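Convention: sequence-line order gives letters A, B, ...; per-chain numbering from 1. What you see is a predicted model; the values in this text were computed from it and never measured.
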2 protein chains.
Amino acid sequence: MKLTPLIERFVLHCGEMGSRWGINRTIGQVYALLFLSPTALCAEEICERLGISRSNASVALRELESWRLIRREHRPNDRREFYRAPEDLWLIFRTMIEERHRREVEPTLSMLREALLTEPASAEEFYARERMAAMHELIEQATDWLEQIRLMPPARLRQLLRLGRRLLSLLDLAEKAGLLPQSPLEESDHVLA
Amino acid sequence: MKLTPLIERFVLHCGEMGSRWGINRTIGQVYALLFLSPTALCAEEICERLGISRSNASVALRELESWRLIRREHRPNDRREFYRAPEDLWLIFRTMIEERHRREVEPTLSMLREALLTEPASAEEFYARERMAAMHELIEQATDWLEQIRLMPPARLRQLLRLGRRLLSLLDLAEKAGLLPQSPLEESDHVLA
DNA sequence: CGCGATTTTCTGAAATCACGGAAAAGAATG
DNA sequence: CATTCTTTTCCGTGATTTCAGAAAATCGCG
């Protein structure tokens, strides 16, 4: 690996995290390298710096593209493709959430919806169905939230993030203004809690 | 697998999702089974229902315990240990987030903090350091958020979740009330965006 | 077209991981 | 303290995943 110690450390760490995340080590490393790079890099350079094979880099890059975490670039008078990680950290974060949602949450919602169509055939199934219904509801709410966040202009989003420990006071404020749903707690609490 | 079709389907799906999440299929299945079960189950029963070996179940159960996703129970006059998934869905969700935070975010923060102590030795490293600093800041903000959520009473949390598309209006309200940080956008935007 | 440059796909080897069976350890009971 | 029931650990095997190298495909350009 031909990297400065600072960069190498970050790259190795991301590789490690990559494996815990279901994506593999190489993909994590390639992303880390691009994330730290001020310029777009070509595949060959990525291979050299990380000490991986060309083919390995190829699949990693394709995978990262499918996650929308990197984009290709072209330079005039150069056939090679260059890859770059978008800079805006918030955007990156949001993209990751969106992609995970698409790949994991949505299929789960479908499964639940279908499952909920069937009539429970026993007490055991009845309970199971209740649980799935509760899960379905929670996920849908979370999805709504996500959608709100997706639609929010970045500046606003950063405000929201920076809100930190003022969040609680904000909620108090909201309650006083009657903005919070006046908790139909009865109906949902016996399911959720 | 000795399960009703409804339950089997859910279990298989969770197993599938488990493998995408870095935890393995068996663990996902065991959790799914417990999640749907109205009563605590003993290891033996889990093995039978899922058609897995005793040892396999043992490691899965231990792993789930380390994630605080299930707890052990004892019954009088019964030596066996019984396992149960907590019911409160919100609590489950929060636990997952907390554990992932502990296992993935915190080590990353440490790494970043240490890395940020070193002086950049080149233009390349200088940029890399900037990127890490920005990442560090974002993660810290997210962590603050998480902490707010952790401290929030469950009822309040559910309100917040149910807020859905009123979130934007809430933010407007907050801005008017002067609760939002008056965006020191200049300093952070050239790094983040 | 055809040629060099580049990327993608294929294939087999190596590494890792998942899992079951057996042995070991631990806990309650008489 | 032995017996029995239960859980845990260890280890071998089989499956899956990762990866490099080679072959194939694609692309730009004369």
Side-chain angles (χ1 to χ4, degrees), chain A residues 1-2 11-12 14-34 39-67 70-84 103, chain B residues 1-2 11-34 40-67 70-84 103:
Chain A
M1 226 181 249
K2 287 175 161 26
V11 163
L12 290 177
C14 290
E16 218 39 61
M17 286 302 146
S19 20
R20 292 205 200 178
W21 260 60
I23 64 171
N24 71 33
R25 186 165 45 252
T26 305
I27 296 179
Q29 291 184 356
V30 170
Y31 182 74
L33 183 65
L34 288 171
T39 63
L41 301 178
C42 69
E44 198 55 49
E45 189 161 1
I46 293 171
C47 294
E48 273 176 35
R49 298 240 212 150
L50 297 179
I52 61 176
S53 76
R54 195 50 237 288
S55 59
N56 202 2
S58 185
V59 308
L61 289 167
R62 192 149 41 86
E63 186 73 6
L64 284 170
E65 249 189 310
S66 87
W67 281 82
I70 61 173
R71 7 176 252 268
R72 289 166 195 248
E73 280 185 15
H74 292 278
R75 291 188 192 169
N77 304 329
D78 196 330
R79 294 195 190 167
R80 293 172 295 175
E81 313 207 51
F82 289 78
Y83 302 87
R84 174 195 297 283
R103 291 161 196 242
Chain B
M1 227 182 248
K2 288 176 161 31
V11 163
L12 290 177
H13 179 87
C14 290
E16 219 40 59
M17 286 302 148
S19 20
R20 291 205 200 178
W21 259 61
I23 65 171
N24 70 33
R25 185 164 49 250
T26 305
I27 296 180
Q29 291 184 355
V30 170
Y31 182 74
L33 183 64
L34 288 171
L41 301 178
C42 68
E44 197 56 48
E45 190 161 1
I46 293 170
C47 295
E48 274 175 35
R49 298 238 212 151
L50 297 180
I52 61 176
S53 76
R54 194 50 237 286
S55 58
N56 202 0
S58 186
V59 309
L61 289 167
R62 192 148 43 86
E63 186 74 5
L64 284 170
E65 249 188 309
S66 86
W67 282 82
I70 61 174
R71 8 177 250 269
R72 290 168 194 247
E73 281 184 14
H74 292 277
R75 290 187 191 169
N77 304 328
D78 196 330
R79 290 194 192 170
R80 294 171 296 175
E81 312 205 53
F82 289 77
Y83 302 86
R84 175 195 297 282
R103 291 162 195 242

May I have the distance from [X] (atom [atom1]) to [N] (atom [atom2]), rounded to whole angstrom?
X: B/R80; N: D/dT8; atom1: CZ; atom2: C1'; value: 18 Å
X: B/E63; N: D/dT9; atom1: CD; atom2: P; value: 12 Å
X: B/R62; N: C/dG26; atom1: CZ; atom2: C1'; value: 14 Å
X: B/L61; N: D/dT9; atom1: CG; atom2: C1'; value: 15 Å
X: A/E44; N: C/dT8; atom1: CD; atom2: P; value: 13 Å
X: B/I46; N: D/dT6; atom1: CD1; atom2: C1'; value: 14 Å
X: B/I70; N: D/dT7; atom1: CD1; atom2: C1'; value: 14 Å
X: B/L50; N: C/dC19; atom1: CG; atom2: P; value: 11 Å

Shortest non-hydrogen contact between [X] and [Y], atoms and distance:
X: A/R80; Y: A/C42; answer: NH1-SG, 3.7 Å
X: B/G15; Y: B/Q29; answer: CA-CG, 3.7 Å
X: B/A43; Y: B/R54; answer: CB-NH2, 3.0 Å

Electrostatic pair A/K2-A/E48, nearest N-O below 4.0 angstrom: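 Salt bridge absent between A/K2 and A/E48.
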How far does the helix from C/dC1-D/dG30 to C/dG30-D/dC1 bend, going by the axes of its first and last five pairs, to the nearest 10°? 30°
Side-chain atoms of residues 55-62 of chain A: list all donor-acceptor pairs with protein atoms under 3.5 Å, sequence neighbours left out, distances to 0.1 Å.
{"unit_1": "A/S55", "atom_1": "OG", "unit_2": "A/S53", "atom_2": "OG", "d": "3.1"}
{"unit_1": "A/N56", "atom_1": "ND2", "unit_2": "A/T26", "atom_2": "OG1", "d": "3.4"}

Between A/R20 and B/R103, is there a donor-acceptor pair closer than 3.5 Å when you use the side chain of the first and the backbone of the second?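 It does hold such a pair.
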Does the protein touch nucleotides 16-29 of chain D at the base, only the backbone, or not at all? Give it as B, S and - per nucleotide, heavy atoms under 4.0 Å. --SSBB------B-
Give a yes or no on this: more than 12 heavy atoms of other residues, nucleotides or ligands lie within 6.0 Å of atom CZ of A/R25. no
Before giving the answer on side-chain contact (heavy atoms from CB on, under 4.5 Å), spell out for A/R49 and A/L41 the whole-Å C-alpha distance, their side-chain angles and the decisive distance to 0.1 Å. CA-CA 10 Å; A/R49 298 240 212 150; A/L41 301 178; 4.1 Å; yes
If we only count heavy atoms from C-beta on, is the B/E81 to B/H74 side-chain gap below 4.5 Å?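 Contact flag for B/E81/B/H74 side chains = yes.
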